[in-house]
Amino acid sequence: MTQGDKTGTYDHAAVEARWQARWMAEKTFAAKDDRSLPKYYVLDMFPYPSGDGLHVGHPLSYTATDIVARFKRHRGFNVLHPMGWDAFGLPAEQYALKTGVHPAKTTAKNISNFRRQLQSLGFSYDWDREVDTTDPSYYRWTQWIFLQLYERGLAYQAEIPVNWCPEMGTVLANEEVIDGKSEVGGFPVVRRPMKQWMLKITAYADRLLEDLDDLDWPEHVKDMQRNWIGRSTGAEIDFPVEGRDDVTLRVFTTRPDTLFGATYMVVAPEHPAVDSIVTDAQREAVAAYREQAAAKSDLERTQLQREKTGVATGAHATNPANGERLPIWVADYVMTGYGTGAIMAVPGHDERDHEFATTFGLPIREVVSGGDPSQEAWTGDGTLVNSGFLDGLEVPAAKQRMTAWLEEQGHGVAAVHTKLRDWLFSRQRYWGEPFPLLHHDDGSVSTVPEADLPVRLPDVERYQPSGTGESPLATVTEWVETTDPVSGEAVRRETHTMPQWAGSCWYYLRYIDPQNEERLVDPELEKYWMPVDLYIGGSEHAVLHLLYARFWHKVLYDVGVVSTKEPFRQLLNQGMILGEDGEKMSKSRGNVINPDEIVERFGADAFRLYEMFMGPLTATKPWQTSGLNGTHRFLKRVWRLFVDQDGRSVVDDGEPGDEVLRAFHVTLDRVTEDTSELSFNTAISAMMEFVNVLTRDGRGMPRSLAREFLVMLEPYAPHVAEELNAFLGGETLLAWEPWPQVDASFLEEDTVDVPVQINGKVRTVLKLPAGADPAAMEQRARAETGIAALLEQGEVVKVIAVPGRILNFVVKPR
RNA sequence: GCGAGGAUGGCGGAACUGGUAGACGCGCCAGAUUUAGGAUCUGGUGGGGUGACCCGUGGGGGUUCGAGUCCCCCUCCUCGCACCA
């Protein structure tokens, strides 16, 4: 409301444009260099700049972090609040395949649209720190990190069966395959062996697991990561195969204590020993079964087919504990990828084995008391029976005892296995980071020297995958064929590219020092800013992104680049916003809300307030455009407390009354606490109540409270707050104003409302002095005619009086 | 099947360590004002009786003077994992 406005109407478009321009021009939200200040690093999961632009889910978490960033500035913190682009990825490449437009062009266009949209919402990012994972000055360091991994032996090539998607002409990570189909596009995926780059994340499994304990993360996210890592302790046990001195069957079990209960063995259909141990009589049946299993898709094997199938090999193994003969079966309920691909079956104490034994009439033996194994497997604890030297021990002791015995006798070892597999790190795509690797004629691989980074992505004519599994890069001869700067030999570049996860694994570090050309990040700056204090993003990243980023962070910790073991101190997942119909928003359903339209109609401040007011940040909740009326109305009411319809000030110069002062300090107290606890919906409702009090009061905003009120409002509705502050004559921005102090003397009420109950039912409410003791309370209540009459009807057997809270008469009828 | 989280008015949601259930907002109803503005203001709005009475936080038990909150059993919903030995 700088001078010249004709009316006092709240014109959100003009107000918001004005302050956004000023923040940009003055670099208001640049993080400061002053390292004597306490720091706060608040991070959003940076978006993939898709062609669709922002959806309303983005501003949900971005507004939350923005409120925190602004709040922390008021609280005296040096705040780092950056934004960037996770811009490598399939959609741009797929668009290029269709149209021939270079992904870099599409990406640049999408980024500027995203940037415009984010800026229109007034987020207080430090735009000088913007990063873009597809920028060579950024992916230079992604490549550099890969070199560190490579040099530490954490990157290796392997010929392994991979998820080959014929439709897309590429290989997918396990995580990108859902029910046998590609996560993007839903195309069928088959298994096929191929030479791939792998990262040895399994070497960090224990640290990734242990360090979870100290993180301020939602328990369910930690649990998901624990599950994903899937660490099991137990033993590997060798079973000699009867009549075959050259073959032993090694199994992994978490229940070595039940070894005496093993009644048969099972190997996976793909197990390498099958061919050599199968008897002639069974050879044909086993071959048929294996063929059948191979033909089944993952979907059939895991989902559709629950009933157990299998076939005997005819071979037998010997139980090392008691010398019993155990038939060896082939069955697809044992998987080749976990443990050793072979198990000892203990149907008495394992549900799957029990089901299998029942189906095929195999013996079931009880070795742990507590259940009835003839009916169902007993998997609980108990005392060992029928188990020789283990008899009488409890399960945990028996596990130890058996493992020790196996080791003494040379029949086995204690062992730990994880579900976590090494990370398939190469993609046969164009739009990704090239590997800084050179292939020599002799088959050896060397690295591109650090000084020669980045290895730039060359321009190509065609983006089509070759269909053979090679990347489109393989066709760019003048790029592929190069000279090794070290040996001078003619070499070929690696043509695979890195997965999209690569760039997002470390971007939070680059924000700290985005222009540094000498280092990934300056060590002093890293020490100051890390760890990230608050990280908010979608729960779809609860496992993969967060696990990969933690892995790289730990490697960088070992390399000495970072000073913290963990990157993200506090994590939060925002909930999903559903469409107005209560269904997930999707183009096909036509229930998608476009943020641009909302901003145009109601303004960014009303939009921000609405998204925060919908409910708890972490809850899933449906969108309701009519709800914007509420927050928009609230802002108009705030406006009216300062400005009348003709643009004249209605700010009240008189002393505010006690009631207004009390209301203000109660509000400030609640907003301070709720904002600290990220309970934004209740903070907003507190401010609404206060504004309602003043509106009813009808005298305008008291001048003595005006600026403090605006500081309190600023994190939530920054444009309106700054505008009204300027209207008051404020020359300096609110952005760095200190947070107002709560005057606690106003929080204490002289009188309190105390409900009076008879047998737990409220009969009246008394206004009592705040300090009234139980006797005084009772006396006052008995003086009430209504109460006295009710008490007459029976005998008072007990009086519960909690000062300031409740008074309850327990009355026994006569 | 396993793990985690939920269930409160027509709707989104409040409710601190058990202490007046339904704050705040949407929507709706009535009125005022101005009138063509996606306005504003005031009052009302859980259900039933329609006077100060009863019933109400998914269902059933329990603990307690008192339960949305604590305990036990059950139903349903959401998310994740899914034959991991």
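Chain naming here is simple, since letters A, B, ... match the order of the sequence lines and numbering starts at 1 in each.
Whole-Å rounding puts the Glu540(A) CD to C81(B) P distance at 12 Å. Atom CD in Glu355(A) sits roughly 17 Å away from atom P in A85(B) (whole-Å rounding). As a whole-Å value, the separation of Asp753(A) CG from U20(B) P is 11 Å. Between Trp623(A) atom CH2 and C26(B) atom C1' the separation is 13 Å, expressed in whole Å. In this entry the distance linking CG of Asn227(A) with P of G3(B) reads 10 Å, nearest Å. Atom pair Tyr338(A):OH and C81(B):C1' shows a separation of 14 Å (rounding to whole Å applied). Atoms CE (Met576(A)) and P (C79(B)) sit 7 Å apart, rounded to a whole Å. Per the geometry, CD1 belonging to Ile758(A) stands 11 Å off P belonging to C53(B), to the nearest Å.
Nearest heavy atoms, Val810(A) versus Asn759(A): CA-OD1, 3.4 Å. Across Ile364(A) and Pro347(A), no two heavy atoms sit closer than the pair CG1-CB, 3.8 Å.
With respect to the salt-bridge test (charged N to carboxylate O, under 4.0 angstrom), the residues Arg763(A) and Glu784(A) do not qualify. The pair Glu597(A)-Arg601(A) does not meet the salt-bridge criterion, since no charged nitrogen lies less than 4.0 angstrom from a carboxylate oxygen. With salt bridges taken as basic N to acidic carboxylate O contacts below 4.0 Å, none links Lys222(A) and Asp213(A).
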RNA chain B in dot-bracket, Watson-Crick or G-U pairs under 3.5 Å, [ ] crossing, | other strand?
(((((((..(((......[....)))((((((.......))))))(((....)))..(((((..]....))))))))))))....
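Distance check on atom P: A67(B) versus U75(B) gives 26 Å, rounded to whole Å. To the nearest whole angstrom, the two C1' atoms, one in A4(B) and one in U50(B), are 47 Å apart. Between U8(B) and C77(B), the two C1' atoms lie 15 Å apart (nearest whole Å). Across G68(B) and A32(B), the matching C1' atoms stand 39 Å from one another, rounded to whole Å. Spacing between G27(B) and G12(B) at atom P, rounded to whole Å, works out to 15 Å. The gap from the C1' atom of C26(B) to that of G80(B) amounts to 33 Å, rounded to the nearest Å. The separation of C53(B) from U69(B), taken at their P atoms, amounts to 25 Å, rounded to a whole angstrom. Comparing G5(B) with G43(B), their C1' atoms sit 40 Å apart, to the nearest whole Å.
Nearest nucleotide to the Ile343(A) side chain, out of U20(B), C24(B), A85(B): A85(B).
Under the 4.5 Å side-chain criterion, counting only non-hydrogen atoms from C-beta, Met612(A) is in contact with Leu60(A).
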Mark up nucleotides 6-17 of chain B, 5' to 3', with B wherever a protein heavy atom is under 4.0 angstrom from a base atom, S wherever such an atom reaches only the sugar-phosphate, and - elsewhere.
-----SBSS-BB
Protein heavy-atom contacts under 4.0 Å, written 5' to 3' over nucleotides 28-48 of chain B as B (base), S (sugar-phosphate only) or - (none), form the string ----------BSSS-------
What does nucleotides 63-73 of chain B look like as a protein-contact string, B for base, S for sugar-phosphate only, - for none, at under 4.0 angstrom between heavy atoms?
--B--------
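With RNA chain B read from its 5' end, the first of the two nearest nucleotides for Leu628(A) and Glu219(A) is the one closest to Glu219(A). Comparing Asp353(A) and Leu807(A) by the nucleotide of RNA chain B whose heavy atom lies nearest to each, the residue mapping closer to the 5' end is Leu807(A).
Side-chain rings of Phe634(A) and Phe613(A) stay apart, their centers remaining 6.0 Å or farther from each other. With ring centers used as reference points, Phe356(A) lies under 6.0 Å from Tyr264(A).
In this structure, the side chain of Arg608(A) does not engage the main chain of Ala717(A) through any donor-acceptor pair within 3.5 Å. When atom types are taken as modelled, the side chain of Asp605(A) and the backbone of Val720(A) share a donor-acceptor pair closer than 3.5 angstrom.
Contacts classified as ring-ring contact (aromatic ring centres under 6.0 Å, His included) and involving residues 784-812 of chain A (residues at least two apart or in different chains) are not found.
Residues that satisfy the salt bridge (Lys or Arg N to Asp or Glu O under 4.0 Å) test with Asp223(A), not counting sequence neighbours, are Arg226(A).
Contacts of Arg226(A) with the nucleic acid, taken as non-hydrogen atoms under 4.0 Å apart, are absent. Note on Val762(A): only backbone sugar-phosphate atoms sit closer than 4.0 angstrom, heavy atoms only; bases stay farther off.
Each of Leu635(A), Asn681(A), Thr63(A) was compared with Leu609(A) under the side-chain contact (heavy atoms from CB on, under 4.5 Å) criterion, and only Leu635(A) meets it.
Remark: Thr751(A) OG1 to Leu766(A) CG distance equals 11.5 Å, nearest 0.5 Å.
With Tyr10(A) as the aromatic partner, Lys636(A) does not meet the cation-pi criteria of under 6.0 angstrom to the ring centre and within 45 degrees of the ring axis.
Between Phe690(A) and Phe709(A), the two ring planes are tilted [angle within 30° to 60°].
In this structure, G9(B) is classed as syn because its glycosidic torsion stays within 90° of zero.
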